[in-house]
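Beneath this line is the structure, given in structure tokens, with notes to follow.
Index from 1, following the sequence.
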Amino acid sequence: MTTVSDTERAAALTASAEELTRLDPDRFACLMLADPERRADLVALLGFAFETAKTAEVVSETMIGAIRLQWWREALDGIEAGTPRRHQVIDLLAPAIAAHDLPRDRLERMIDAREADFEPTPFADAAAVEAYARDTAGQLARLQARVLGVTDGVRLDAAEAVGTGFGLAGVLRALPHQARRRRVLLPRDRMAAAGLGTGQVIEPHLRDQAVTAAITTMVADLAGRAGGLIADARKAGRLPRPVAGQAALARVHLARLARAGHDPFTAPAVLSPARRAFTLLLARG
């Protein structure tokens, strides 16, 4: 069995936290709302989500990406067998899984969903966009809620819905970045119905008034679904503040998108630290 010392685990926590505060500032700020004794396990989950999410950003070939994602599946095998691989995230994730009996199938869904990141137009319809958000950000929020002591299915489902709404908002915010990578995350069926080709979304000079109108209509519908998921989740009762914080930040992002006429290419994608902090100060479970 691989043994990780307290010093090594503390170093892994510091390194992961420094990376996440730069690269996933919204969700890292949310986890800081948790009690200090829970934060390391939340960092582990967020670090796992980030490591699988960045696969398509750091490799250009689908086969290499598939190998990298398989590495994470095998890393879960090692944790399950009591022989975890050495990696700063795994050094934190292994004890988190053991402490909170985190279901492996939820973690595997987060890995499997990332296979879509290598496709130029991965989503056949709006349901596929939502499924992607649910299997990534939704599973993360559900597991975070479990770490934070939520055990009843209704509130776990609500946490998943919040994460899904947050993830949908994230997909919409990422549209300009992904377009620069020559990827289009809008539903293919809606694009076909509007007579849009991928080039019209990707190339700024092809985005005329009619194209922009079609894009904003699709974005508005997806944004409405994101807001609806978050609103419905409130019916389940109080959620842990790190999860409620994601709901609050998603509402801010969606409101900014609405003020931009649901044009993701003009809406600001990132919150200022001050706005993020103020929003989370007011967030309630």
Rounded to the nearest 0.5 Å, what separation is found between the [atom1] atom of [X] and the [atom2] atom of [Y]?
X	Y	atom1	atom2	value
Arg85	Glu74	CZ	CD	5.0 Å
Phe265	Thr216	CZ	OG1	11.0 Å
Leu222	Leu186	CG	CG	7.5 Å
Leu13	Glu18	CG	CD	10.0 Å
Glu160	Leu143	CD	CG	9.0 Å
His177	Leu175	NE2	CG	11.0 Å

Backbone N/O of [Y] and side chain of [X]: donor-acceptor pair under 3.5 Å:
X	Y	value
Arg155	Gly237	no
Arg146	His100	yes
Gln139	Arg109	no
Thr52	Ala49	yes
Thr21	Ala17	no
Arg241	Leu280	yes
Arg38	Val147	yes
Arg173	Ala267	no
Arg256	Val270	yes

State whether the number of non-hydrogen atoms from other residues, nucleotides or ligands found under 6.0 Å of [X] atom [atom1] is greater than 12.
X	atom1	answer
Asp6	CG	no
Glu37	CD	yes
Arg234	CZ	no

Residue pair [X] / [Y], side-chain heavy-atom distance below 4.5 Å:
X	Y	result
Arg225	Leu168	yes
Leu140	Leu45	yes
Ile97	Leu107	yes
Val219	Asp263	no
Asp135	Asp112	no
Leu20	Pro25	no
Leu185	Arg183	yes
Gln88	Glu19	yes

Are [X] and [Y] close enough for a salt bridge, meaning some N to O gap below 4.0 Å?
X	Y	value
Glu108	Arg104	yes
Arg27	Asp24	yes
Arg207	Glu203	no

**Request:** Test salt bridge (charged side-chain N to carboxylate O under 4.0 Å, His left out) on Asp117 and Lys54 and set out the steps.
**Result:** CA-CA 9 Å; Asp117 291 349; Lys54 76 178 185 181; over 6 Å; no
Nearest heavy-atom pair of [X] and [Y]: which atoms, and what distance?
X	Y	value
Ala248	Ala283	CB-CB, 4.1 Å
Pro122	Val184	CD-O, 3.6 Å
Ala194	Ala214	CB-CB, 3.9 Å
Ala247	Ile230	CB-CG2, 3.7 Å
Ala226	Gly165	CB-O, 3.6 Å
Ala145	Leu156	CB-CD2, 4.1 Å

Co-membership, hydrophobic cluster, residues [X] and [Y], 4.5 Å side-chain:
X	Y	value
Leu92	Phe28	yes
Phe50	Ile111	yes
Val171	Leu254	no
Phe166	Leu239	no
Phe123	Ile202	yes

**Asked** What's the verdict on salt bridge (charged side-chain N to carboxylate O under 4.0 Å, His left out) for Arg86 and Glu8, showing C-alpha distance, side-chain angles and the deciding distance?
**Response** CA-CA 10 Å; Arg86 292 307 311 273; Glu8 290 170 322; 3.8 Å; yes
**Working for side-chain contact (heavy atoms from CB on, under 4.5 Å), residues Val43 and Leu31** = CA-CA 8 Å; Val43 168; Leu31 72 80; 3.9 Å; yes
**Item:** Parallel, tilted or perpendicular: rings of His87 and Trp72 (30°, 60°)
**Value:**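 It falls in the perpendicular class, over 60°.
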**Request:** For Thr198 and Met191, run side-chain contact (heavy atoms from CB on, under 4.5 Å): C-alpha distance rounded to whole Å, both residues' side-chain angles, the deciding distance at 0.1 Å, then the answer.
**Result:** CA-CA 8 Å; Thr198 57; Met191 289 178 60; 4.3 Å; yes
**Criterion side-chain contact (heavy atoms from CB on, under 4.5 Å) on Met32 and Leu42, from CA distance to verdict** = CA-CA 9 Å; Met32 293 303 290; Leu42 295 175; over 6 Å; no
**Asked** Between Glu51 and Arg114, is a salt bridge (charged side-chain N to carboxylate O under 4.0 Å, His left out) present by the stated rule, with each step listed?
**Response** CA-CA 10 Å; Glu51 286 292 333; Arg114 291 300 172 182; over 6 Å; no
**Prompt:** Strictly by modelled atom types, are His205 and Gln200 linked by a side-chain donor-acceptor pair under 3.5 Å?
**Reply:**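 Gln200 and His205 do not have a side-chain donor-acceptor pair below 3.5 Å.
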**Item:** Derivation and outcome, side-chain hydrogen bond (donor to acceptor under 3.5 Å, both in side chains), residues Asp26 and His253
**Value:** CA-CA 11 Å; Asp26 278 0; His253 285 300; 2.8 Å; yes
**Message:** What verdict does the side-chain contact (heavy atoms from CB on, under 4.5 Å) test give for Val59 and Ile67, after you've listed the backbone C-alpha separation in whole Å, the side-chain angles of each residue and the deciding distance to 0.1 Å?
**Reply:** CA-CA 10 Å; Val59 301; Ile67 292 170; over 6 Å; no
**Item:** Criterion salt bridge (charged side-chain N to carboxylate O under 4.0 Å, His left out) on Glu115 and Arg73, from CA distance to verdict
**Value:** CA-CA 13 Å; Glu115 293 178 358; Arg73 294 185 186 95; 2.8 Å; yes
